[in-house]
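These notes are about the structure you will find just below.
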Amino acid sequence: MWARLSAGIVPGFFLAAALLGLVSWLLPGRWESTIMVGLLAFFPLWIGIVCAALRFSSGRRAWLCLGIAAVAGLSLLRLLQASGWVG
């Protein structure tokens, strides 16, 4: 249980940040206008990811899946920024 919980806390934090970053940057208008809503939505999303991590069959699987999803989300944000699609 502790391995699954820590998987939800550590890579889940970065996954929640990546998801909210994608939503904030891909909405029309400037990303600064969505920062307050993003900050309010971050904690419930992160807690949801932690709860979802507890549903995995093992801690190793939770770390693997959430880690890959977090790296993919943050990489996509970086790719969008480097390509000039987002500021």
Side-chain angles (χ1 to χ4, degrees):
M1 181 174 133
W2 290 107
R4 292 180 290 167
L5 183 63
S6 64
I9 291 172
V10 178
F13 176 86
F14 293 106
L15 179 59
L19 291 174
L20 286 175
L22 285 169
V23 169
S24 294
W25 273 356
L26 295 178
L27 287 174
R30 300 204 32 94
W31 68 269
E32 290 92 351
S33 64
T34 63
I35 194 77
M36 192 57 160
V37 174
L39 288 173
L40 290 173
F42 178 79
F43 189 69
L45 178 61
W46 187 24
I47 295 301
I49 292 171
V50 170
C51 292
L54 294 173
R55 306 264 313 161
F56 281 95
S57 60
S58 70
R60 183 178 187 155
R61 186 175 181 96
W63 270 95
L64 184 67
C65 292
L66 292 176
I68 288 172
V71 168
L74 292 173
S75 298
L76 181 59
L77 280 174
R78 181 68 182 126
L79 180 67
L80 288 173
Q81 185 182 24
S83 67
W85 281 33
V86 295

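The structure displayed is predicted, hence computed values, not measured ones.
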So does Leu77 get a backbone contact from the side chain of Trp25, meaning a donor-acceptor N/O pair under 3.5 Å? no
Working to the nearest 0.5 Å, report the span between CG of Leu40 and OG1 of Thr34. 11.5 Å
Verify same cluster id: Leu45, Ile47 (apolar side-chain graph, 4.5 Å): yes
Indicate, with yes or no, if Leu27 and Phe42 share a hydrophobic cluster defined by side-chain heavy-atom contacts under 4.5 Å among Ile, Leu, Val, Met, Phe, Trp and Tyr. no
Candidate pair Val23 and Leu19, rule side chain to side chain contact (heavy atoms under 4.5 Å, CB included), full reasoning: CA-CA 6 Å; Val23 169; Leu19 291 174; 5.7 Å; no
Between Ala70 and Pro11, the two heavy atoms sitting closest are CB-O, 3.6 Å
How long is the span from the SG atom in Cys51 to the CG atom in Leu5, to the nearest 0.5 Å? 9.5 Å
Out of curiosity, does Ile9 fall in the hydrophobic cluster containing Leu54 (side-chain heavy atoms, cut-off under 4.5 Å, transitive links)? yes
Partners passing ring-ring contact (aromatic ring centres under 6.0 Å, His included) against Trp63 (at least two apart in sequence or in another chain): none
Taking all non-hydrogen atoms of both residues, which atom of Gly12 and which atom of Ile49 are closest, and how far apart? CA-CG2, 3.6 Å
What about the rings of Phe43 and Phe13, do their centers lie closer together than 6.0 Å? no
Mind checking the CZ-CG spacing from Arg61 to Leu64? Nearest 0.5 Å is all I need. 8.0 Å
From Met1 atom CE to Ser58 atom OG, the distance as rounded to the nearest 0.5 Å: 15.0 Å
Look only at the side chain of Arg4 and the backbone of Phe56, and say whether a donor-acceptor pair between them is shorter than 3.5 Å. yes
Roughly how far, to the nearest 0.5 Å, is CG of Leu15 from CH2 of Trp46? 12.0 Å
Just wondering, more than 12 heavy atoms not from Phe14 lying within 6.0 Å of its CZ? no
Leu22 versus Leu80: any side-chain heavy-atom pair under 4.5 Å? yes
Shared hydrophobic cluster for Leu79 and Val71 (ILVMFWY, side-chain gaps under 4.5 Å): no
Could you tell me which non-hydrogen atom of Gly59 sits nearest to which non-hydrogen atom of Ala3, and how far apart they are? CA-CB, 3.7 Å
